[in-house]
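Notes follow once the structure below has been shown.
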Amino acid sequence: MQKKVSRIAVLTSGGDSPGMNAAVRAVVRTGLYNGLEVYGVMRGYQGLIEDDLFKMESRSVANIIQRGGTILKTARCKEFYTPEGRKKGYDILAKRGIDGLVVIGGDGSFKGALALSKEYNIPCVGLAGTIDKDIVGTDFTIGFDTAVNTAIEAIDKIRDTADAHDRLFIVEVMGRDAGYIALHSGIATGAESILIPERKTDIEEVINSLVEKERRKKLVNIIVVAEGDEFGGANEVAKAVRARMPQIDARVCILGHIQRGGSPSAIDRLIASRMGYHAVESLLEGRHNVFVGIMNNRMNYVPLENIGKKKGTISEEWMKIVKILAS
Ligand code: F6P
């Protein structure tokens, strides 16, 4: 028989993402509703091994659903990769009588949770919080929709000035291992080319298409490139284009961390609230060591065991749409 969970902790870990606060709020309030004691861990696993925890009440999460960042702060903790680091973390949880942990973060954070749960039999549940959407098993990750909307707003503005000057802009968006932000924001802004890590970049094809467009006097073009594209990001693409087309007026814009901040979109607030609620339900129902995703608008519980650095699948249809609509 599984022991009933009575005192849980919640932490945010890895790169922050808009909607993490909404998820923390949902975990805290669902926990309290079910009679649990809830602790907040500051600065992810780093705060855990340093015993930086505090008891949370309903008011602790008031007025945060609309805020970007994370009130619990976040960190990437090298020490937690080691068995010694995890032992420290477990000792703190045991000392405080915490018998369930909710981890909001990306695949690296989930690996930490899996190792902890295996070594010390602590029930853990993950919530997918990353702007990159590079986690297999969920249609959404908390923060992705907001990041895409931020990128769209920026690229729309770039297109205004590109249009005024008849320029080519190469816009770099985030995505170290995944091209979803590039793909979604690129399609939504009518980008002429979208370069992503999941597809081999044929730079000759990109340049030939620009040459052909120049011949047709189509001089305003936007290339959206994911930072993790294997060709090397926006500066590398610009260099290659200028080498072949020195006459072209090309500019680079790297959007960077603005994509990580800001008030979460409606979608991110909703999925964070649903996932947070179901994370606590999972702990109560004994569905442990899973992360809570959403597939086809239904909750999807993926064993943390199955998390790996897999590249997501990009449908051929989407790539075809990019080509056809950008002509
Ligand atoms: O949150 C994921 C991510 O946005 C990646 O796309 C990016 O490479 C990385 O974070 C950068 O994060 P940081 O500057 O915090 O290391």
Side-chain angles (χ1 to χ4, degrees), residues 11-24 42-47 67-70 72-81 103-113 126-138 140-155 170-186 194-199 201 224-237 252-265 267-268 271-272 275 291 293 307-312 314:
L11 59 82
T12 49
S13 164
D16 66 327
S17 63
M20 278 185 163
N21 278 327
V24 171
M42 297 302 291
R43 295 173 293 116
Y45 294 121
Q46 192 63 43
R67 283 168 57 190
T70 158
L72 296 179
K73 297 191 183 282
T74 184
R76 292 190 173 93
C77 177
K78 288 249 157 62
E79 204 179 339
F80 208 73
Y81 286 113
V103 171
I104 307 170
D107 66 316
S109 310
F110 290 173
K111 279 184 197 140
L127 294 191
T130 163
I131 64 164
D132 291 342
K133 202 168 85 76
D134 56 349
I135 297 182
V136 179
T138 184
F140 294 99
T141 58
I142 298 164
F144 171 72
D145 183 66
T146 309
V148 169
N149 279 298
T150 300
I152 288 173
E153 205 184 319
I155 299 168
I170 301 149
V171 183
E172 184 177 303
V173 297
M174 274 189 165
R176 194 168 23 203
D177 304 304
Y180 293 108
I181 298 177
L183 188 61
H184 287 233
S185 64
I194 301 173
L195 313 181
I196 54 176
E198 293 85 347
R199 286 279 189 286
T201 291
V224 176
V225 53
E227 66 170 313
D229 184 67
E230 112 284 344
F231 191 76
N235 281 315
E236 289 307 309
V237 174
V252 165
C253 181
I254 297 175
L255 298 188
H257 287 77
I258 62 159
Q259 295 158 96
R260 284 245 293 258
S263 181
S265 66
I267 285 182
D268 280 327
I271 63 162
M275 288 177 178
F291 87 81
I307 298 294
K309 212 46 192 169
K310 280 181 251 149
K311 277 211 160 75
I314 305 283

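In each ligand, atom 1 is the first atom listed, and ligand 1 is the first ligand listed.
Using cut-offs of 30° and 60° for the angle between ring planes, the Phe144 and Tyr180 rings count as perpendicular.
Asn149 and Ser265 form no side-chain donor-acceptor contact under 3.5 Å, judged by distance and modelled atom types alone.
Residue, atom and distance of the protein heavy atom nearest to atom 10 (O) of ligand 1 are Arg260 NH1, 2.8 Å. Among protein heavy atoms, the minimum distance from atom 4 (O) of ligand 1 is reached at Met174 SD, 3.1 Å. Scanning the protein for heavy atoms near atom 3 (C) of ligand 1, the closest one is Asp132 OD2, 3.5 Å.
Remark: side-chain polar atoms of Asp268 are not paired, donor with acceptor, to backbone N or O of Gly19 under 3.5 angstrom. Between the Glu236 side chain and the Phe231 main chain, no donor and acceptor come within less than 3.5 Å of each other. Of the possible polar contacts, none joining the Thr141 side chain to the Ile131 backbone as a donor-acceptor pair under 3.5 Å is found. Within the 3.5 Å criterion, the main-chain N or O of Val173 finds no donor-acceptor partner in the side chain of Gln259.
Considering backbone and side-chain atoms alike, Gly175 places an N or O below 3.5 Å from some N or O of ligand 1. Taking only nitrogen or oxygen atoms, main chain and side chain alike, Arg76 reaches within less than 3.5 Å of ligand 1.
Comparing Gln259, Glu227, His257 by heavy-atom distance to atom 8 (O) of ligand 1, the nearest is Glu227.
Interface atoms of ligand 1 facing Ile131, defined by a heavy-atom separation under 4.0 Å, are 4 (O).
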